Each structure stands twice: as structure tokens, then as C-alpha cells.
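Report on the following structure.
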Amino acid sequence: MQGVTVVDHPLVQHKLTLMREAKRSTKGFRQLLNEIGMLLCYEVTRDLPLEEIEIETPLARMKAPQIAGKKLVFAPILRAGVGFLDGMLTLVPSARVAHVGLYRDPETLHAIEYYFKAPSDLGDRTVLVLDPMLATANSAVAAVDRLKERGAKDLRFVCLLAAPEGIEKLRGAHPDVPIWTAAIDSHLNEHGYIVPGLGDAGDRMYGTR
Ligand code: PRP
Ligand code: URA
């Protein structure tokens with residue numbers, strides 16, 4: 001599928017299976033999301049451009065690579081996207097963070113915004129939009145719309161599970177935003193939940209209902 005990368009690394013796949021299981025505890029679910037966040041971050045940043053700088057080792061001067069230009073913004077969609085954040089910040093501690101507060105209206109499945117706070121230089125950075133679930137993609141499209149309004153030009157969407165319907169919608173609305181996911185599931189049910197999926201990611205992460 002064009003513009004979609006499925007991260008099929010065995011560690012990611014194994015941890016995802018553990019997360020899907022209904023018996024997994026809140027603590028276990030949160031821990032696994034954090035760990036997978038780290039692994040997905042590794043994959044999604046694989047092609048970041050490098051530049052050479054001069055450094056001095058204890059033995060000699062050398063040219064060594066560093067990531068070029070202004071760096072990353074992580075943009076978790078609240079609440080569940082926050083589950084990816086700690087793992088990613090462990091790998092990229094200097095990244096900026098944009099918080100995008102959205103919830104899905106349970107009847108209409110439309111995304112309702114309740115919070116937005118982003119760094120002012122979004123246009124100079126690569127923005128990784130984070131949300132474990134890409135279901136109808138109403139939330140993803142609303143988040144990307146909002147980040148673009150605020151100047152973001154270079155965006156990537158990172159999730160754990162995607163429904164084919166959500167991929168089609170996000171790629172249709174924002175063909176310039178590539179998607180990284182650990183799996184593409186079968187379909188959405190009549191309530192807009194991903195099947196087989198893992199249930200409600202926010203509720204499972206925070207122990208709410
Ligand atoms: C969930 C999930 C996504 C959204 C995906 O959030 O974390 O943000 O649904 O669904 P969509 O692709 O159909 O928009 P939810 O609205 O349940 O809020 P929460 O994270 O606060 O629980
Ligand atoms: N949001 C979730 O948390 N899970 C789904 O399956 C769909 C939307």
C-alpha cells in the first residue's frame with residue numbers, strides 16, 4: 001500500500017500480541033505501549049537526514065554524523081497517543097511536544113477538539129503525529145488539519161493498529177502524510193471499533209470505561 005509502512009519487526013509483533021489480549025492488565029498494557037513506542041520511533045526516524053560535523057575523540061579529530069537541521073516534534077493525540085510519548089522521548093530527548101486534545105463523539109464518530117498547544121516553529125520540524133488507533137481516521141485527519149493550520153509541512157503518522165477504512169481516509173485527505181503502523185486489521189465494526197483490534201486504547205491505558 002503506497003505511503004504505508006507496516007513495522008513487522010518481531011519484537012513489535014510479539015508485544016502487540018500481548019497488548020491485544022483482553023486479560024492484559026492496565027499496567028502491562030501501558031508498559032507495552034511505551035516499549036512499542038520506542039521501537040516504532042526507531043523505524044519512523046530511519047531516513048532522517050544526517051550531516052557531518054568535526055569532533056575530537058580522545059585520540060584524533062574526525063568527521064562524524066549528526067541529525068541535520070531542526071529536529072522532531074512529537075504530537076500525541078490525547079489521550080491514548082500519550083502512551084507512545086515516554087518511549088519516544090527516551091530515544092529523542094530533545095524533541096518538542098505538541099498536544100492535540102481530541103475525543104471521538106460516540107454517536108457521530110466525529111472528532112471533537114478540546115485542547116491544542118504546539119511549538120511555534122512547527123514548519124521547521126518533522127512532526128510525528130502519534131495515536132495507537134487509526135479507526136475511521138476522523139481524529140487523525142482533524143489532528144493533521146490543525147497541525148498544518150499552525151504551519152506544519154512535514155508530517156508522519158504513527159499508530160499501532162490501522163483499519164483499512166482509516167488508511168484510505170487519511171491517505172485521501174492528506175496524501176503527503178505517510179503512515180507507520182504495526183498492523184493493518186480486518187475492518188471497523190458498527191461502533192467504529194477496529195476488529196479484531198485491542199478495544200478502547202485510552203480506556204485500557206488509563207483503566208477507565
Ligand atoms: C481513540 C483513539 C483515537 C481515536 C481513533 O480516542 O485513541 O484517538 O479513538 O478513532 P478514529 O480514527 O475513528 O477517530 P478516543 O476518542 O476514544 O479518546 P481517548 O483517547 O481520550 O480515549
Ligand atoms: N478507538 C479505540 O480506542 N479503539 C478502536 O478500536 C477504535 C477507536
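Whatever order the structure lists ligands and atoms in, that order sets their numbers, starting from 1. All values derive from a computational prediction rather than experimental measurement.
Heavy atoms of G199 approach ligand 2 to within less than 4.0 angstrom. The closest approach between any non-hydrogen atom of R104 and ligand 2 is below 4.0 Å. Assignment of L109 to the shell around ligand 1 is not supported, since no heavy atom sits closer than 4.0 Å. Using a 4.0 Å heavy-atom cutoff, G197 is absent from the residues neighbouring ligand 2. In this structure, A201 has no heavy atom closer than 4.0 Å to ligand 1.
In this structure, R156 fails the cation-pi test against F74, since its NZ or CZ atom is not both closer than 6.0 Å to the six-membered ring centre and inside 45 degrees of the ring normal. In this structure, R24 fails the cation-pi test against F29, since its NZ or CZ atom is not both closer than 6.0 Å to the six-membered ring centre and inside 45 degrees of the ring normal.
Side-chain contact between M38 and F84: absent, with no pair of heavy atoms (C-beta onward) separated by less than 4.5 Å.
In D131, the part holding a heavy atom less than 4.0 Å from any atom of ligand 1 is the side chain.
Taking only nitrogen or oxygen atoms, main chain and side chain alike, G192 does not reach within less than 3.5 Å of ligand 1. In terms of polar-atom proximity, M133 is not counted as a contact of ligand 1, lacking any N or O under 3.5 Å from an N or O of the ligand.
Taking a cut-off of under 4.0 Å to the non-hydrogen atoms of A201, the atoms of ligand 2 that pass are 2 (C), 3 (O). Atom numbering of ligand 1 starts at 1 in the shown order; those under 4.0 Å from a heavy atom of A80 are 7 (O), 20 (O). Close approach of ligand 2 to A135 is summarised as follows: ligand atoms under 4.0 Å from at least one heavy atom of the residue are 7 (C), 8 (C). The atoms of ligand 1 that sit less than 4.0 Å from any heavy atom of G202 are 22 (O). Close approach of ligand 1 to Y103 is summarised as follows: ligand atoms under 4.0 Å from at least one heavy atom of the residue are 16 (O).
Distance check on atom 1 (C) of ligand 1: every protein heavy atom falls at or beyond the 4.0 Å cut-off. By the definition of a contact as any protein heavy atom under 4.0 Å away, atom 6 (O) of ligand 1 is not in contact.
D185 and R20 are joined by a salt bridge, as a carboxylate oxygen and a charged side-chain nitrogen come within less than 4.0 angstrom of each other.
Counting only distance, with no hydrogens or angles, the side chain of H191 and the backbone of Y193 share no donor-acceptor pair below 3.5 Å.
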key: Chi angles and distances behind the side-chain contact (heavy atoms from CB on, under 4.5 Å) call for T181, T5   = CA-CA 6 Å; T181 183; T5 303; over 6 Å; no
key: Derivation of the salt bridge (charged side-chain N to carboxylate O under 4.0 Å, His left out) call for D176 and K148   = CA-CA 11 Å; D176 57 319; K148 283 186 174 176; 2.9 Å; yes
